[in-house]
Amino acid sequence: MAWNISMPDGEWFTRETPGLEALVREVADTPVMAIDTETTGLNYMKDFPLYWSLSWERKGTPGHFRRVCLRADTLPAFAHVFKNPDREWSFVNAKYDMHMLFNAGFELKGKILDTSVMHSLLYEEERHDLDHMATSVLGWTWKDDFKTGFKTEGPKAFLQRLEQEDLPRLVEYASNDAYGTIFLRNKLKKELEGAPTWSLYPEMFSTLWDLFIKTESPFTRVLWKCERAGAFVDVNYLKSIEGPVTEELNKVEREIVRLVGRPINTNSRKQLMEYFFNQKGYQPLKMTKGGKSGIKEPAVDFDTLEYLVQKYNDPVAENMLTQRDLAKLKGTYVEGIQNSRDANGRVHTRFNQDVARTGRLSSSDINLQNIPRPDTDKFRIRRAFIPEERNNLIVADYEALEMRLLACAAMEQDMIQIFLDGKDIHMGNASLVFGLPYDDLKAAKKVDGEVKAGKRPESDMTDYYQRCLLARQHVKTIGFGLNYGMKENKLARDLKISKQEALNLMEKYMSRYPAVRHFYDSSIETVRRTGYAFTLLGRRRFLPEILSNQSDVRWRAERQASNVPIQGTAADVVKMAMIKCDEANLLDEFGAHMLIQVHDELMFECPEETTDQAKKVIQEVMEDSLPSKLAVPLKVSIGSGKSWMDAK
DNA sequence: TACGGCGGCGCG
DNA sequence: AAAGCGCGCCGCCGTA
């Protein structure tokens with residue numbers, strides 16, 4: 001027995017088992033079912049199910065459950081059940097099993113309930129794997145250990161040996177997962193229904209169950225489709241920059257070794273630390289965090305290198321800045337992306353729905369949400385993401401999404417007006433905060449652009465225009481910084497101004513926008529009062545540390561309290577947009593697939609002929625993704641082209 | 001040889 | 001580093 005509870009016997013089915021037909025009939029007649037697969041491995045595009053299991057509460061006999069383990073050869077007998085849209089499947093980590101079933105030739109059409117996602121809405125600080133959820137939600141503990149077998153023999157050999165040599169153990173193992181899942185589904189559903197929340201649409205979202213079933217549940221399938229599609233990669237382009245990147249990196253590393261006068265591994269912070277602070281005797285700028293041991297050492301990060309260049313004019317530090325850039329580019333992107341390509345030249349990320357505490361997605365294996373931006377990346381990695389022949393990429397961006405949501409949430413009329421007037425928000429803010437004419441700010445940016453493009457003489461960029469540009473930059477940094485709870489010290493460092501100037505700037509900004517100040521204060525107050533920070537659709541984040549006696553712990557919770565409503569609401573908006581794009585049937589209408597989400601940006605692949613039509617629909621759907629209009633319209637800029645770079 | 005912690009850094 | 005939110009991956013290094 002694997003769980004520490006009494007349970008019905010696990011049943012075993014193969015294609016030849018006489019009871020299979022009756023089982024199929026019962027399953028078809030039971031609309032709520034937990035499902036799990038045992039597979040050949042963890043690669044979701046390549047591996048496939050060897051066994052699978054189901055568990056459900058028997059119709060007409062409440063409290064009586066069945067749990068069955070089936071060999072994969074039984075799957076075809078259930079094909080019509082998988083196709084039925086009017087049923088519900090519960091999983092742990094749903095997308096993975098959906099991929100496995102798809103690899104075996106079956107696409108589930110019913111509702112998808114991922115218990116990991118359900119759990120993440122209630123217990124965002126905990127893990128969402130089956131073992132932990134079963135322990136903490138159900139009080140069940142796992143007794144058998146299969147890890148060693150999987151590890152030493154590999155999943156395929158291990159599972160197939162079990163079928164031959166110890167079938168009961170295989171049946172236990174496999175069917176218990178499904179059994180745990182159906183109990184988790186039932187318990188978590190009750191907990192979600194009993195979890196009140198606060199949203200802008202109380203008639204639609206008043207409990208976490210509303211949030212789950214109306215947004216997260218359909219979202220899972222949307223993400224599954226994105227993962228499945230993958231993004232096509234121009235491997236020739238990556239190969240073409242691999243040489244130059246490597247050459248440049250080697251060159252700068254050789255130069256560093258020459259300057260140091262002995263072999264040094266430029267990737268080793270320890271060796272660099274030794275060189276700068278022992279051999280050269282420089283003063284450290286800052287110390288590292290120290291981690292568990294608490295041992296702090298001099299940092300050798302970007303800030304430090306920049307300071308060593310500034311203060312000591314050190315050529316090694318200067319070269320290290322280049323080395324860092326190139327090493328990151330080469331290892332993480334040029335090589336990393338190539339290594340992730342599948343046989344068709346596409347890369348398939350995992351979009352994690354249960355990781356970010358604010359409700360954002362995360363992307364891993366491969367992370368497609370941190371590909372370098374072309375404006376700072378001289379090797380233009382984004383150029384490597386391309387459509388297949390005769391297709392385009394479409395890239396749609398929410399413009400200033402978080403600022404718009406802040407203006408709405410705070411009901412800051414002057415800021416709202418900037419958006420209603422269709423102005424650039426940072427220029428608008430700079431204009432109001434510093435009393436500069438908006439048109440001058442606009443002209444400054446235009447002239448700056450033209451001077452940089454060589455279309456105008458440098459003398460056109462007057463001191464006044466420089467001041468205008470700087471004002472916009474300062475206000476932009478303040479706006480983002482405030483959202484993260486930044487204080488004057490950090491602002492001063494970022495803007496390279498004095499602490500007092502930074503303090504003055506922030507005060508000026510806040511007193512020009514009193515409603516914004518009040519919004520941040522009241523966000524913190526809400527958490528003090530209720531324990532939770534809320535987003536527009538009612539996602540909650542529990543922040544008990546807001547009452548901590550330790551000021552650093554409490555301050556951190558306060559920063560999170562003021563950030564969650566904005567970052568989390570932005571995540572809500574994009575999530576709704578993705579669901580609506582899916583519902584708009586872009587695939588059938590235009591042959592368009594959603595590929596990637598990068599927080600406020602969506603990427604699609606679309607045939608050339610239908611690109612213009614698809615763009616129009618996508619833009620409309622995204623700008624209109626919420627149940628009702630906000631005080632500020634959401635604006636989406638949309639472009640298309642033959643690479644991620646060109647499409648923006 | 002594998003793994004986790006850590007520093008460092010890419011993105012929004 | 002510091003009162004800057006949310007992520008994931010790389011290489012190094014110490015440990016098993």
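So that the names make sense, note that chain A is the first sequence line, chain B the second, and so on, each numbered from 1. When reading the values below, keep in mind they use all heavy atoms of this one structure, side chains included, and skip hydrogens, waters and symmetry mates. Bear in mind the structure is a predicted one, so any value in this text is a computation, not a measurement.
Counted by atom type alone, A/Thr477 and A/Gln473 present one or more donor-acceptor pairs between their side chains at under 3.5 Å. Using modelled atom types, one finds a donor on one side chain and an acceptor on the other under 3.5 Å when comparing A/Thr304 with A/Asp301. Using modelled atom types and a 3.5 Å distance limit, the side chains of A/Asn483 and A/Glu402 yield a donor-acceptor pair. For the residue pair A/Gln323 / A/Glu253, a side-chain donor-acceptor distance below 3.5 Å is found, with atom types taken as modelled. Donor-acceptor pairing under 3.5 Å is recorded for the side chains of A/Thr535 and A/Asp572. Side-chain contact check for A/Gln369 and A/Arg360: no donor-acceptor pair (N or O, by modelled atom type) lies under 3.5 Å. Side-chain polar atoms of A/Ser548 and A/Glu545 form no donor-acceptor pair below 3.5 angstrom.
Backbone-only engagement by A/Gly485 is indicated by non-hydrogen atom pairs under 4.0 Å involving sugar-phosphate atoms exclusively. At the heavy-atom level, A/Val564 lies nowhere under 4.0 Å from the strands shown. Here A/Arg493 lies in heavy-atom contact (under 4.0 Å) with a base. Among the protein residues, A/Gly336 comes within range of no part of the nucleic acid, since none of its heavy atoms lies under 4.0 Å from any strand. As judged by a 4.0 angstrom heavy-atom cut-off over every strand, A/Thr376 is placed among residues touching the sugar-phosphate backbone only. Across all strands, A/Asp397 comes closer than 4.0 Å to no nucleic acid atom at all (heavy-atom distances). Looking at heavy-atom distances under 4.0 Å, A/Asn483 makes no contact with the nucleic acid at all. A/Ile566 comes within 4.0 angstrom of nothing in the nucleic acid, heavy atoms only. Here A/Arg350 lies out of heavy-atom contact (under 4.0 Å) with every strand. Residue A/Ser363 is classed as a sugar-phosphate contact, given heavy-atom separations below 4.0 Å to backbone atoms only. A/Tyr333 comes within 4.0 angstrom of the backbone, heavy atoms only, and of no base. Among the protein residues, A/Ala299 comes within range of the sugar-phosphate backbone only, with heavy atoms under 4.0 Å from sugar or phosphate atoms but none that close to a base.
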Could you run down the sub-3.5 Å N/O contacts of the protein with nucleotides 11-14 of chain C?
{"residue": "C/dC12", "atom": "OP1", "partner": "A/Asn265", "partner atom": "ND2", "Å": "3.0"}
{"residue": "C/dC13", "atom": "OP1", "partner": "A/Ser268", "partner atom": "OG", "Å": "2.5"}
{"residue": "C/dG14", "atom": "OP1", "partner": "A/Lys270", "partner atom": "NZ", "Å": "2.8"}

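Evaluation of the ring-ring contact (aromatic ring centres under 6.0 Å, His included) rule for A/Tyr44 yields A/His99 as partners, not counting sequence neighbours. In terms of the ring-ring contact (aromatic ring centres under 6.0 Å, His included) criterion, residue partners of A/Tyr123 (sequence neighbours excluded) are, by chain and number, A/His119. Applying the ring-ring contact (aromatic ring centres under 6.0 Å, His included) criterion to A/Phe419, with sequence neighbours excluded, gives no partner residue. A search for ring-ring contact (aromatic ring centres under 6.0 Å, His included) contacts involving A/Phe158 returns A/Phe150, not counting sequence neighbours. Taking A/Glu242 as the reference, nothing meets the salt bridge (charged side-chain N to carboxylate O under 4.0 Å, His left out) condition, with sequence neighbours excluded.
If you measure from atom CE of A/Met403 to atom C1' of C/dC5, you get 15 Å, rounded to the nearest angstrom. Rounded to whole Å, atom C1' of C/dG6 lies 12 Å from atom CG of A/Leu361. Rounded to an integer number of Å, the gap from A/Met486 CE to C/dA1 C1' is 15 Å. In this structure, OH of A/Tyr307 is placed 15 Å from P of C/dA1, rounded to the nearest angstrom. When rounded to the nearest whole Å, the span between OH of A/Tyr484 and C1' of C/dG6 equals 8 Å. Distance CZ (A/Phe351) to C1' (C/dG8): 13 Å, rounded to an integer number of Å. In this structure, CD of A/Glu124 is placed 16 Å from C1' of C/dC7, rounded to the nearest angstrom. Between A/Asn352 atom CG and C/dG8 atom P there is a gap of 6 Å when expressed in whole angstrom units.
You'll find that the side chain of A/Val355 is closest to C/dC7, out of C/dC7, C/dC5, C/dA2. Nearest nucleotide to the A/Asn367 side chain, out of C/dG8, C/dC5, C/dA1: C/dG8.
A donor-acceptor contact under 3.5 angstrom links the side-chain atoms of A/Gln567 to the base of C/dC5.
Separation of the P atoms belonging to B/dC6 and C/dA2 is 15 Å when rounded to the nearest angstrom. Comparing the same atom, C1', in C/dA1 and in B/dG7 gives a spacing of 13 Å after rounding to whole Å.
Sorted by residue number, the list of members of residues 523-538 of chain A with any non-hydrogen atom under 4.0 Å from DNA chain C is empty. Near DNA chain C, defined here as any heavy-atom distance below 4.0 Å, the residues from residues 548-557 of chain A are A/Trp555, A/Arg556, listed numerically.
Within 6.0 Å of CD on A/Gln310 lie no more than 12 heavy atoms contributed by other residues, nucleotides or ligands. Applying the 6.0 Å contact sphere to CE of A/Met287 captures more than 12 heavy atoms from other residues, nucleotides or ligands. Within a 6.0 Å radius of CZ in A/Arg350, no more than 12 heavy atoms belonging to other residues, nucleotides or ligands are found. In this structure, A/Lys286 places its NZ atom where more than 12 heavy-atom neighbours from other residues, nucleotides or ligands lie under 6.0 Å away.
Sorted by first then second residue, the ring pair (Phe, Tyr, Trp, His ring centres under 6.0 Å) pairs that include residues 277-308 of chain A, not counting sequence neighbours, are A/Tyr282-A/Tyr312.
For the pair A/Ser362 and A/Lys296, nearest-nucleotide mapping onto DNA chain C gives the more 5' position to A/Lys296. Comparing A/Thr288 and A/Thr358 against DNA chain C, the residue whose closest nucleotide sits nearer the 5' end is A/Thr288.
Regarding contacts with the backbone of C/dG6, every side-chain N or O of A/Arg357 stays at 4.0 angstrom or more from both OP1 and OP2.
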(request) Before giving the answer on salt bridge (charged side-chain N to carboxylate O under 4.0 Å, His left out), spell out for A/Arg528 and A/Glu558 the whole-Å C-alpha distance, their side-chain angles and the decisive distance to 0.1 Å. (result) CA-CA 9 Å; A/Arg528 285 208 193 98; A/Glu558 288 175 359; 3.1 Å; yes
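DNA chain C contains the following stems of three or more consecutive Watson-Crick or G-U pairs, with both distances under 3.5 Å: B:1-12 with C:5-16.
Put simply, chain A comes within 4.0 Å of DNA chain B, heavy atom to any atom, from B/dG5 to B/dG12, going 5' to 3'.
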Which side-chain N or O atoms in residues 325-332 of chain A pair as donor and acceptor under 3.5 Å with protein atoms at least two apart or in another chain?
{"residue": "A/Lys330", "atom": "NZ", "partner": "A/Glu335", "partner atom": "OE2", "Å": "2.9"}
{"residue": "A/Thr332", "atom": "OG1", "partner": "A/Lys328", "partner atom": "O", "Å": "3.4"}

